[in-house]
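Counting begins at 1 with the first residue of the sequence. Being a predicted model, the structure only gives us computed values, none of them experimental. Remember, it's 1-based here, ligands and their atoms both numbered in the order they're listed.
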Amino acid sequence: MSIESILIVGGGLAGFTVAQNLRTRGFTGTIDIIDPAGIPYDRPPLSKAYLLGDKDAAGIELAPASWFAEHRVGLVRATVHALATEPLGVELGDGRKLHADTLVLATGGSARPLPVAGGDLDSVLVLRSRADADTLRGKLAPGIRLAIVGAGLIGAEVASSALALGAEVTLIDPLETPLVPAVGPELAHRLHAMHAGAGITVVHGTPAGIKRTGAGHRIELADGRVIECDEVLVGIGIIPNTALARAAGLATENGVLVDEHQRTSHPGVFAVGDMARTRSADGTLQRRGEHWEHAMNTGATAAAAILGQEPPVHGASWFWSDRHGTHVEGVGDMNAEGTTILRLKEGEPVAAFNVAADGRMLGAAAIDGGLMIRAARRIIDRGIVVPAEALADPEVPLKKLAR
Ligand SMILES: Cc1cc2nc3c(=O)[nH]c(=O)nc-3n(C[C@H](O)[C@H](O)[C@H](O)COP(=O)(O)OP(=O)(O)OC[C@H]3O[C@@H](n4cnc5c(N)ncnc54)[C@H](O)[C@@H]3O)c2cc1C
């Protein structure tokens, strides 16, 4: 059957990329993106430039309104309430029903609520959408006491931005050193220490409850300590938005299950981005990707698969994060079984490489080392075996080793 119409549920980076790639690959049929937020926008600036006021709403749009008109990509400003599989389609919040030959699910994730008493208070802030960023920005005045639960990527970025906006920031995490799986223990330790160095109060502890106190909040920790603050932001990860897919009978397990072409258990339905989880041909469930480039890559893969074209080739998974004027990047898998080789500068680790027993690089992470990570990615993708001494030597450009 030839495909004439495609409905994309969710207009984040993944959904937008599907539409963009469908057009660059020559699809001339109907494409509609359904999202209550309207023009798709980029999320990484929400904790960085947008929160700081260095970019406005137009500055974070993934494409201007004119692009959608020129490329005949419809934007349906609505929330999908249900999926239909026979025939394929969606039901919108206002009862309208839309049908298409192919459906793409790109509904991302929702902020994971803190599972303690008071974790669900309306006044507890999260950061996932532009509206969340606007709410948070409205609270961040100089001297405001902001407590952040979760010192992972988003918690750390908000801590840094809030500090720059004059807030008094307390950063709470049950882990002594967060981010170890992403960048390895040595870089994680250095990154976490930057918070205290910048003037943030770092608390190693587990929240047991949140209470309202007049205009503010009190966070009670499991060990009895209490943190008084004005505002609380919880940044402890996301839950993939799989309810629509589950209700429609698609296979899900901490994500909508897809094959390597992003096809779900229904042949006419694809899933991309943060909400999709790959089940490999041998049945192994992969870890769900929750990064910007992953959203883009899965969108590009789905577009090719929908059109029956050759799939694009992607390199090892990559992410970045920014805090306290420092840029962090990671590529591949720092958590896989291997040996860590550190690159030091003035006694401080600036890069960590995870190397397998056979000498192949499995993962790499660097602080202010974007070029190094680009070279590391080439080394990982090509399976180049690099001598450990060269990896550890800050005088050896990694680019040279990637040839
Ligand atoms: C604050 C923040 C900072 C980040 N910083 C970085 C970073 O520095 N580096 C990095 O690599 N990654 C970063 N990320 C992660 C990256 O932005 C995400 O991985 C990416 O946005 C995922 O894209 P997505 O399209 O899958 O989902 P989303 O961007 O979440 O988009 C999902 C869309 O689906 C819509 N939707 C949901 N349900 C429905 C429904 N029922 N009907 C219609 N529409 C629906 C939502 O409105 C939303 O617009 C950050 C994320 C956030 C939130």
Side-chain angles (χ1 to χ4, degrees), residues 7-20 32-52 60-62 75-83 90-94 96 98 103-112 125-134 136-137 150 152-158 160-161 182 233 235 237-248 255-256 258 262 270-277 288-299 302 317-323 326-331 373:
L7 273 180
I8 301 170
V9 184
L13 178 64
F16 170 73
T17 305
V18 175
Q20 193 185 39
D32 284 300
I33 299 177
I34 311 169
D35 194 311
I39 292 186
Y41 60 88
D42 212 12
R43 276 165 217 269
L46 298 180
S47 48
K48 312 177 186 76
Y50 185 77
L51 190 59
L52 287 166
I60 64 169
E61 284 174 354
L62 291 170
L75 290 175
V76 181
R77 207 172 178 142
T79 300
V80 170
H81 273 203
L83 305 179
V90 299
E91 186 175 330
L92 305 183
D94 60 12
R96 263 186 301 161
L98 305 178
L103 281 187
V104 180
L105 306 180
T107 50
S110 302
R112 181 182 293 280
L125 305 168
V126 296
L127 180 55
R128 185 71 206 162
S129 65
R130 189 170 53 208
D132 295 337
D134 291 339
L136 174 61
R137 183 70 179 85
L153 294 169
I154 289 180
E157 291 188 350
V158 173
S160 164
S161 297
L233 178 124
I238 63 164
I239 297 174
N241 291 330
T242 56
L244 291 172
R246 232 184 9 255
V256 173
V258 293
Q262 305 302 132
F270 291 75
V272 292
D274 282 5
M275 57 95 74
R277 185 175 184 198
R288 197 166 38 75
E290 289 179 6
H291 296 305
W292 186 89
E293 194 190 53
H294 174 261
M296 215 162 62
N297 288 347
T298 52
S317 70
W318 168 82
F319 78 94
W320 87 96
S321 180
D322 298 298
R323 79 260 318 259
T326 296
H327 181 72
V328 190
E329 289 191 29
V331 66
I373 292 302

Please confirm whether [X] comes within less than 3.5 Å of ligand 1 when only nitrogen or oxygen atoms on both sides are compared.
{"X": "Ser321", "answer": "no"}
{"X": "Thr79", "answer": "no"}
{"X": "Asn241", "answer": "no"}
{"X": "Glu290", "answer": "yes"}
{"X": "Pro36", "answer": "no"}
{"X": "Asp274", "answer": "yes"}
{"X": "Phe319", "answer": "no"}
{"X": "Val9", "answer": "no"}
{"X": "Trp320", "answer": "yes"}

For [X], take its heavy atoms, then give the atoms of ligand 1 lying under 4.0 Å from any of them.
{"X": "Ile34", "answer": "43 (C), 44 (N)"}
{"X": "Lys48", "answer": "5 (N), 6 (C), 7 (C), 8 (O)"}
{"X": "Ala295", "answer": "22 (C), 23 (O)"}
{"X": "Gly273", "answer": "26 (O)"}
{"X": "Gly12", "answer": "25 (O), 29 (O), 31 (O), 33 (C)"}

Report the part of [X] (side chain from C-beta onward, or backbone N, CA, C, O) that has a heavy atom under 4.0 Å from ligand 1; answer both or neither where that applies.
{"X": "Glu157", "value": "side chain"}
{"X": "Leu244", "value": "side chain"}
{"X": "Ile154", "value": "side chain"}

message = Nearest non-hydrogen contact with atom 14 (N) of ligand 1 belongs to which option: Pro44, Gly38, Gly10?
response = Pro44

message = I want to confirm something. Looking only at heavy atoms, which of His81, Arg43, His294 is nearest to atom 51 (C) of ligand 1?
response = Arg43

ask   = What orientation do Phe319 and His291 show, parallel under 30°, tilted 30 to 60°, or perpendicular over 60°?
value = parallel

ask   = Can you tell if the side chain of His81 reaches within under 4.5 Å of the side chain of Thr79, non-hydrogen atoms only?
value = yes

task = Answer yes or no: is there a side-chain heavy-atom contact under 4.5 Å between Val104 and Val9?
result = no

Measure the distance from [atom] to every protein heavy atom, then report the residue, atom name and distance (to 0.1 Å) of the closest one.
{"atom": "atom 11 (O) of ligand 1", "answer": "Trp292 N, 3.2 Å"}
{"atom": "atom 35 (C) of ligand 1", "answer": "Asp35 OD2, 3.1 Å"}
{"atom": "atom 3 (C) of ligand 1", "answer": "Ser47 OG, 3.4 Å"}

task = Answer yes or no for Ala78: is there a heavy-atom contact with ligand 1 below 4.0 Å?
result = yes

query = Under 4.0 angstrom from ligand 1, any heavy atom of Ala106?
reply = yes

task = Let me see the working for Asp35 and Ile8 under side chain to side chain contact (heavy atoms under 4.5 Å, CB included), right down to the final yes or no.
result = CA-CA 9 Å; Asp35 194 311; Ile8 301 170; over 6 Å; no

inquiry  = Working note: Val328 + Trp320, criterion side chain to side chain contact (heavy atoms under 4.5 Å, CB included); need CA distance, chi angles, decisive distance, verdict.
reply    = CA-CA 5 Å; Val328 190; Trp320 87 96; over 6 Å; no

ask   = CD1 of Ile373 to NE2 of His327: how many Å apart, nearest 0.5 Å?
value = 9.0 Å

inquiry  = Strictly distance-based, threshold 3.5 Å: is any side-chain N or O of Ser160 a donor or acceptor partner for the main-chain N or O of Ala156?
reply    = no

ask   = Is a side-chain N or O of Thr107 found less than 3.5 angstrom from the main chain of Asn241, in a donor-acceptor match?
value = yes

inquiry  = Under a 4.0 Å threshold between the charged nitrogen and the carboxylate oxygen, would Lys48 count as salt-bridged to Asp42?
reply    = no

task = Report the C-alpha distance between Asp274 and Arg128 in whole Å, list the side-chain angles of each, state the deciding distance to 0.1 Å, and finish with yes or no for salt bridge (charged side-chain N to carboxylate O under 4.0 Å, His left out).
result = CA-CA 12 Å; Asp274 282 5; Arg128 185 71 206 162; 2.9 Å; yes

query = Who passes ring-ring contact (aromatic ring centres under 6.0 Å, His included) against Phe270, sequence neighbours left out?
reply = none

Option passing side-chain contact (heavy atoms from CB on, under 4.5 Å) with Val126 (candidates Leu233, Asp132, Ile238) = Asp132

inquiry  = Against Leu46, only a single residue in Val158, Ile60, Leu51, Leu136 fulfils side-chain contact (heavy atoms from CB on, under 4.5 Å); can you say which?
reply    = Ile60

